[in-house]
2 protein chains.
Amino acid sequence: MKEKKNGPPGRTKIMKALSALIKQKDFHSITTAEIAFQAGVTEGLIYKYFKDKRDLLYTVLEEYFEAFREYIKKEVAQRETSIEKLEVVIRANIESWSANRVFARILLLEVRSSPDYYKSRAYELVKKYYRTIVQIIEDGMEKGEIRRDIKPEVLTKTILGAIEHSCLGDIIFERTIDADLICDNICKTVFKGVMP
Amino acid sequence: MKEKKNGPPGRTKIMKALSALIKQKDFHSITTAEIAFQAGVTEGLIYKYFKDKRDLLYTVLEEYFEAFREYIKKEVAQRETSIEKLEVVIRANIESWSANRVFARILLLEVRSSPDYYKSRAYELVKKYYRTIVQIIEDGMEKGEIRRDIKPEVLTKTILGAIEHSCLGDIIFERTIDADLICDNICKTVFKGVMP
DNA sequence: AAAGTGAGTAAGTTTTACTTACTTATGTAT
DNA sequence: ATACATAAGTAAGTAAAACTTACTCACTTT
């Protein structure tokens, strides 16, 4: 077996088609007709395999996310202290987005506004990722590496938010992401604080 | 003069109508027919005063943002040190969103994905807000209150991102925002760092 | 009073997401 | 092999929503 169970070829072609189109324009202005044309199938087939246009988007996102989590997991496992682990999460996250802008754009801009997204499998993966970070922080607190007067959940959100917003502008305006600079700045801020 | 130059009554009614509807459901599932009905005008009038449905949304957002900036400006002026100013920005931002969820939802979820938004007047106001914070940080660096080995722009994005992501979940799922907890946690993290 | 202007309308058209009823290919048991 | 079942794919629509166009009415200006 070369591939995972991707299902029928038409389904794969449709996902590839949207994946390609989303590089060129925003999701809202991509029509189902365009997707079908790019995939070389008819419009109706989209609705055979996906509930609706958005469901297709979530499924594409899911694929990206699976790879992303895999990568992060591997990197984290190699580190010892919780601070090192957090640093590698921050770095890997930014670098993943930098290498895979489409993924970042879908995740940060295209799906969040639809209520249905929060019932999707893709969102389940996001939550898993979130919980991984909370766990790192809780472990760090237990080991005395991280101060205990902060809520792990809020700290996680602070870190994820810092990453997201720092990359957002570059993603929207198609600029190159200076991963090192951003990572370095976020780590300095979060680990040691901004006071001299 | 009671009001600012709001333009013709129909225009105001349309904006009020969308403002009310967006409290109940997400922008995508609000139809122009609904907006017109709620406003007590015909659908065509919307297109007399606004380029399209999204343009109307940006204009509503603009109104909210104007008030937001006014409030922040006043709060900031009362503080002395740059750290105090940053703290009050964080607090005022979170409290504004807590008090005005519609505004936060539009800003964080509904407009960001459309390229047109980045040409709107509303986005200009966002940039102004961003620059205000950069300025506070630059002043702080000059006065020696903030370490100089961080880029003011990245630090600004880190702070804004931390705020946004910390509130996002509560906004989406309509939970109450614990402004004090979030503000306190972000300040602790950003000012002093997470290490004990 | 005639002309001009801006607010507002009624009745379309077009676009686009989504459906339905059908055909063609593929694999499987007798 | 042949009949049957199931899955892949298509063609031609429908419905709803965004957006247009050509018009009317009221009110001001000269």
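All chains are named by letter (A, B, ...) in the order of the sequence lines, taking the proteins before the strands, and each is independently numbered beginning at 1.
- Candidate nucleotides dC19(D), dG8(C), dC18(C) were compared by shortest atom distance to the side chain of Lys53(B), and dC19(D) ranks first.
- Counting non-hydrogen atoms of neighbouring residues, nucleotides and ligands closer than 6.0 angstrom, the NZ atom of Lys151(A) reaches no more than 12 such neighbours.
- One can place CG of Asp52(B) at 13 Å from C1' of dT20(D), the figure rounded to the nearest angstrom.
- Atom OG of residue Ser166(B) and atom CG of residue Leu181(B) lie 9.0 Å apart, to the nearest 0.5 angstrom.
- Taking CD1 of Ile172(A) as the start and OH of Tyr123(B) as the end, the distance is 6.5 Å to the nearest 0.5 Å.
- A 4.5 Å side-chain heavy-atom check between Phe50(A) and Leu18(A) finds every atom pair outside the cut-off.
- The distance from atom CG of Leu45(B) to atom C1' of dG8(C) is 6 Å, rounded to the nearest whole Å.
- Of all the residues in residues 33-42 of chain A, Val41(A), Thr42(A) reach under 4.0 Å from DNA chain D with at least one non-hydrogen atom.
- The interatomic distance linking Asp55(A) (CG) with dA17(C) (P) rounds to 15 Å, in whole Å.
- For Tyr49(B), the side-chain atoms get nearest to dG8(C) when compared with the rest of dA18(D), dG8(C), dC18(C).
- Distance from the side chain of Lys48(A) is smallest to dA21(C) among dA18(D), dT9(C), dA21(C).
- Taking atom CD1 of Ile14(B) as the reference point, atom P of dA7(C) lies 11 Å away to the nearest angstrom.
- Here dT10(D) presents its C1' atom at 19 Å from CZ of Arg11(A), a figure rounded to the nearest Å.
- Side-chain proximity of Tyr47(B) to dA17(C), dA18(D), dG8(C): nearest is dA18(D).
- Remark: P of dG9(D) and NZ of Lys13(A) are 7 Å apart, rounded to the nearest angstrom.
- Look at CD1 on Ile46(A): it is 13 Å from C1' on dT19(C), rounded to the nearest Å.
- For Lys127(A) and Glu124(A), the salt-bridge test passes: some basic side-chain N is under 4.0 Å from an acidic carboxylate O.
- Whole-Å rounding puts the Lys51(B) NZ to dA18(D) P distance at 15 Å.
- Distance check: Arg79(A) CZ to Glu87(A) CD gives 8.0 Å after rounding to the nearest 0.5 Å.
- By the 6.0 Å contact criterion, CD on Gln78(A) is enclosed, its count of non-hydrogen atoms from other residues, nucleotides or ligands being greater than 12.
- Taking the side chain as every heavy atom from C-beta outward, Asp178(A) and Val154(B) never approach each other to under 4.5 Å.
- Residues from residues 21-32 of chain A that place a heavy atom under 4.0 Å from any atom of DNA chain C, listed by number: Ile30(A), Thr31(A), Thr32(A).
- Atom CD of Glu80(A) has 12 or fewer neighbouring heavy atoms from other residues, nucleotides or ligands inside a 6.0 Å radius.
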